A.B. asks: 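Pasting in a structure now, in structure tokens, and then I'll have a few things to ask.
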Amino acid sequence: MRLQVFLSKSGICSRRSALELIKQGLVRVNSAIVTEPSTQIYPEKDSVEFRNNKVRIKRFTYILLNKPKNVVTTKEDKFASRIVTDLLPKQFFHLNPCGRLDKDTTGLLLLTNDGELIYRLTHPRFEIKKTYFVKIKGQLNNIEKQSLEKGVVIDGKKTGLAKIKIINSFKDVTSLNIEIREGRKRQVRRMFLAVNHPVTELKRIREGSLELGNLGPGQWRFLNKDEIKQLYEETGLNN
Ligand code: URA
């Protein structure tokens, strides 16, 4: 494993800061200062120290939760009656949600202590697809659909490209899937509001290769090895 990757997997810093810390000569391998971030190390036999403290790889936990309504994602909301980590056993309270879902939004929420993965899944630079099942008021005509797909202006800034697949449409309600690659605040709700079709139901069903599947509201499970591997591949964390 590269020294830079080892350091970020220890949880003390991100990959970007690991690069700097190594270059600054703050990291020793088997007592010798190493300033080359790509130096190969063997975690089982090499001893790595940062500022004279032994560094160990942190174990990461990955949980997929189907967030129900009326539960908030952010841990900082002191007034919230229920936050997502309340739905998990106490030993997982330290995990962080990957992105946020509104209080009324349900569906796929990844919780983990793997900060680098959270960063890459949520930062628009990595263009990870997020798919939502949406119910809106009224019928979406072709012009409205195309303008949503090309980008609509919210808060003075155009949204990125989106894909919409209509599932069914009646007079008063349309069900559809929308795929976006950003995560601006209340983005899906505000996009449909921009074309005068308020959202009445919103559920995230997919993030990258990760699927909600048949987990019921409030249910959770650990990710399996293949799912973690896939997320690492699509966010470029394997390189
Ligand atoms: N877009 C929204 O409007 N709300 C969410 O919770 C997620 C995406």
Side-chain angles (χ1 to χ4, degrees), residues 63-77 79-88 95-112 117-138 140 144-167 173-213 215-220 231 234-235:
I63 282 179
L64 171 58
L65 169 76
N66 182 348
K67 181 187 122 25
K69 273 193 181 177
N70 299 321
V71 177
V72 303
T73 316
T74 170
K75 285 179 159 182
E76 276 94 57
D77 189 342
F79 303 105
S81 51
R82 273 176 107 201
I83 57 174
V84 279
T85 39
D86 292 341
L87 302 169
L88 305 176
L95 300 182
N96 291 309
C98 180
R100 42 182 312 267
L101 292 177
D102 304 331
K103 193 174 174 189
D104 287 341
T105 304
T106 62
L108 185 156
L109 187 68
L110 172 66
L111 292 125
T112 179
L117 183 66
I118 293 184
Y119 170 73
R120 288 174 182 239
L121 285 171
T122 51
H123 196 288
R125 176 156 77 88
F126 296 92
E127 299 198 334
I128 300 298
K129 289 183 207 160
K130 284 105 190 163
T131 308
Y132 295 84
F133 168 79
V134 193
K135 276 190 185 171
I136 55 167
K137 279 194 181 160
L140 197 67
E144 292 163 341
K145 179 171 176 278
Q146 277 169 19
S147 76
L148 286 165
E149 289 184 323
K150 283 188 191 147
V152 286
V153 177
I154 52 178
D155 277 350
K157 196 175 164 233
K158 204 171 168 186
T159 55
L161 295 181
K163 265 192 204 153
I164 293 177
K165 203 172 131 207
I166 307 281
I167 299 170
V173 54
T174 300
S175 306
L176 55 92
N177 283 347
I178 182 167
E179 189 185 285
I180 57 172
R181 289 170 188 261
E182 313 158 283
R184 287 164 61 185
K185 203 170 176 203
R186 298 179 74 80
Q187 177 160 343
V188 175
R189 293 178 197 276
R190 290 193 298 162
M191 283 173 75
F192 284 97
L193 213 50
V195 291
N196 296 315
H197 291 286
V199 167
T200 55
E201 195 178 321
L202 185 58
K203 179 184 188 180
R204 182 154 64 193
I205 55 173
R206 199 176 159 104
E207 181 161 21
S209 55
L210 196 59
E211 301 210 26
L212 180 63
L215 272 187
Q219 289 185 330
W220 64 273
L231 290 177
E234 64 204 24
T235 53

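Each ligand, and each atom within it, is numbered from 1 in the order the structure gives. These values consider heavy atoms only, across backbone and side chains, with no hydrogens, waters or symmetry-generated copies. Remember, it's a predicted structure, so these values are computed and weren't measured experimentally.
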A.B. asks: Looking only at distances, please establish whether an N/O atom of ligand 1 is found under 3.5 Å from an N/O atom of Arg189.
C.D. replies: yes
A.B. asks: With atoms numbered from 1 as shown, which atoms in ligand 1 lie under 4.0 angstrom from a non-hydrogen atom of Gln187?
C.D. replies: 1 (N), 2 (C), 3 (O)
A.B. asks: Tell me, do Asp102 and Arg189 make a side-chain contact under 4.5 Å, heavy atoms counted?
C.D. replies: yes
A.B. asks: For Val188, which part has a heavy atom under 4.0 Å from ligand 1: side chain, backbone, both, or neither?
C.D. replies: both
A.B. asks: Do Thr174 and Ile166 make a side-chain contact, defined as non-hydrogen atoms from C-beta onward lying under 4.5 Å apart?
C.D. replies: yes
A.B. asks: Heavy-atom pairs closer than 4.0 Å: do any link ligand 1 to the side chain of Leu202, the backbone, both, or neither?
C.D. replies: side chain
A.B. asks: Could you walk me through whether Leu212 and Arg204 pass the side-chain contact (heavy atoms from CB on, under 4.5 Å) test, one step at a time?
C.D. replies: CA-CA 8 Å; Leu212 180 63; Arg204 182 154 64 193; over 6 Å; no
A.B. asks: Please round to the nearest 0.5 Å and tell me the distance separating atom CD1 of Ile164 and atom CD1 of Ile180.
C.D. replies: 10.5 Å
A.B. asks: Quick check: Asp102 and ligand 1, any N/O pair under 3.5 Å apart?
C.D. replies: yes
A.B. asks: Considering the heavy atoms of Tyr132, write down every atom of ligand 1 situated less than 4.0 Å from one of them.
C.D. replies: 7 (C), 8 (C)
A.B. asks: Below 4.0 angstrom from a heavy atom of Thr105, which ligand 1 atoms are there? Numbered from 1 as shown, please.
C.D. replies: 4 (N), 5 (C), 6 (O)
A.B. asks: What orientation do His123 and Tyr119 show, parallel under 30°, tilted 30 to 60°, or perpendicular over 60°?
C.D. replies: tilted
A.B. asks: So that I can tick it off, tell me whether Asp155 and Arg190 are bridged by a salt bridge, with the cut-off set at under 4.0 angstrom between side-chain N and carboxylate O.
C.D. replies: yes
